[in-house]
Amino acid sequence: SRAALDSINRAAARVGETAFGEAIPDLAEPPPTRLGAGFWATLLLLAAFFPVHLSGSERARLALQVASLGILGLWLNTLVTEVDLVNLSLGHAATPTENPQRWLLLGFVALTTVLFGQVWCGYLCPFGALQELLSRLGRRLGLRSYPDRPLEQRMRFTKFLLLGLLLIAVWVSGESLWASFNPMQHAFGGRHFGWMGGWMGALVALVLLGSVVYVRFWCRYFCPLGALLALGNKLALLQRLAPQRRFEHCDLGVRGEFDLDCIRCGRCLSGSDTQMRRHGHRARIIDPPAGSH
């Protein structure tokens, strides 16, 4: 809508200059963007991540997730998704002055992924937070299940395949619409599902129901953006500053510091929500390489 308005303003300014011999300043120059309550609430939320992450507190992380779910999800309905990725690659993104809150989120995700790995998914993604809360409810209800390990390991490549197919489709067609299939883009949009309507609503419901049974169902197997952010686990330049993860408590198969499967959910720090602690035994995992601690 802003792009359409800008085009109209530019056309009106050109017509005014041609017809009357002078430009129309009010139309030629858009009004300056004001930083509203949403921007400052987002800034405070993102700033809270650093002490929470470095503390290793499970309660603080869950509180941060609930806050993100409320602020970024239910209130602002502004998530970082594949649409942002393809719009940036196609040069269709709004400028920082036009949408400062969007660029604040994008900058935060890029910076923290390089410094700490896939922490956006485990700490601040509203859709990830919703899935984790449902998964914890499923555990309390005795509904949680764990897939066969070889099958699960193969399934995790699905999100990387979806990421590749998505980028190819967008770059070949030049249309970012191909990036709009992720249910997290629509989970907080109410009835505004666009042309996808009913089947997208059904997919959202299916993913959320799946999260009751399987931990982070969409995040672990199907999220293309998560696949891209997982590559940051291979960098994670400052992850040594955070509390040491306890891989013996991980029920998702994470083996070492730089494992691509780690979604930085933080559940291993206490082990209170994992299969290992609940069943009173340690996971059979491969020890991380020497020097990785």
Side-chain angles (χ1 to χ4, degrees), residues 1-3 5-6 30-89 91-133 182 184-190 192 219 223 225-226 228-233 235-239 241-243 263-266 269:
S1 59
R2 291 186 179 182
L5 180 60
D6 182 63
T33 302
R34 295 184 178 181
L35 302 179
F39 175 87
W40 297 113
T42 301
L43 180 61
L44 290 175
L45 179 72
L46 300 183
F49 158 79
F50 295 98
V52 169
H53 180 55
L54 297 179
S55 73
S57 169
E58 181 177 27
R59 291 186 177 181
R61 187 183 69 88
L62 290 175
L64 186 66
Q65 285 189 302
V66 171
S68 180
L69 178 61
I71 294 174
L72 298 181
L74 300 177
W75 175 26
L76 300 176
N77 187 24
T78 175
L79 290 75
V80 177
T81 71
E82 297 80 9
V83 174
D84 295 297
L85 173 63
V86 300
N87 280 343
L88 286 172
S89 70
H92 295 168
T95 65
T97 56
E98 291 173 330
N99 196 341
Q101 195 250 9
R102 169 60 48 191
W103 282 93
L104 175 64
L105 283 175
L106 293 176
F108 175 87
V109 172
L111 177 64
T112 54
T113 299
V114 171
L115 296 181
F116 299 106
Q118 200 177 351
V119 290
W120 170 258
C121 301
Y123 281 77
L124 283 163
C125 174
F127 195 57
L130 180 57
Q131 289 181 82
E132 181 166 339
L133 294 175
N182 192 332
M184 76 173 178
Q185 301 168 13
H186 311 276
F188 306 103
H192 303 293
C219 301
C223 182
L225 181 66
L228 178 66
L229 298 182
L231 300 179
N233 290 346
L235 294 174
L237 301 178
L238 298 182
Q239 70 175 356
L241 299 180
I263 58 174
R264 298 303 201 267
C265 65
L269 296 178

**Report entry** Steps toward side chain to side chain contact (heavy atoms under 4.5 Å, CB included) verdict (Leu45, Leu64)
**Finding:** CA-CA 8 Å; Leu45 179 72; Leu64 186 66; 3.8 Å; yes

Would you give the length of the straight line joining atom [atom1] of [X] to atom [atom2] of [Y], rounded to the nearest 0.5 angstrom?
| X | Y | atom1 | atom2 | result |
| --- | --- | --- | --- | --- |
| Leu44 | Ile71 | CG | CD1 | 8.0 Å |
| Leu69 | Glu132 | CG | CD | 11.5 Å |
| Ile263 | Cys121 | CD1 | SG | 7.5 Å |
| Trp40 | Leu104 | CH2 | CG | 9.5 Å |
| Leu241 | Phe50 | CG | CZ | 11.5 Å |
| Thr81 | Phe127 | OG1 | CZ | 12.0 Å |

Are [X] and [Y] packed together at the side-chain level, in the sense that at least one heavy-atom pair is separated by less than 4.5 angstrom?
| X | Y | value |
| --- | --- | --- |
| Leu79 | Leu72 | no |
| Val119 | Leu229 | no |
| Cys125 | Val80 | no |

Report task. Would you list the pairs meeting salt bridge (charged side-chain N to carboxylate O under 4.0 Å, His left out) in which at least one residue belongs to residues 72-82, sequence neighbours left out? Result ->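 Of all non-adjacent pairs touching residues 72-82, none passes salt bridge (charged side-chain N to carboxylate O under 4.0 Å, His left out).
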
Query - ring-ring contact (aromatic ring centres under 6.0 Å, His included) involving Phe49 - partner list, sequence neighbours excluded - result: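 Applying ring-ring contact (aromatic ring centres under 6.0 Å, His included) to Phe49 gives His53, Phe108, Tyr123.
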
Quick one: does any side-chain atom of [X] pair with a main-chain N or O of [Y] as donor and acceptor, under 3.5 Å?
| X | Y | answer |
| --- | --- | --- |
| Arg61 | Gly122 | yes |
| Ser89 | Val86 | yes |
| Gln118 | Gly226 | yes |

Distance-minimising heavy-atom pair for [X] and [Y]:
| X | Y | value |
| --- | --- | --- |
| Asn99 | Ala94 | CB-CB, 4.2 Å |
| Phe116 | Ala236 | C-CB, 3.9 Å |
| Asn233 | Gly117 | OD1-CA, 3.4 Å |
| Gly56 | Leu269 | O-CD1, 3.6 Å |
| Leu76 | Gly38 | CD1-O, 3.8 Å |
| Gln131 | Cys219 | NE2-SG, 3.1 Å |

Query - Pairs where residues 101-115 contributes a residue and the test side chain to side chain donor-acceptor pair (under 3.5 Å) is met, not counting sequence neighbours - result: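 For residues 101-115, and leaving out neighbouring residues, the side chain to side chain donor-acceptor pair (under 3.5 Å) pairs sorted by first residue read Thr42-Gln101, Thr78-Gln101, Thr78-Arg102, Asp84-Arg102.
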
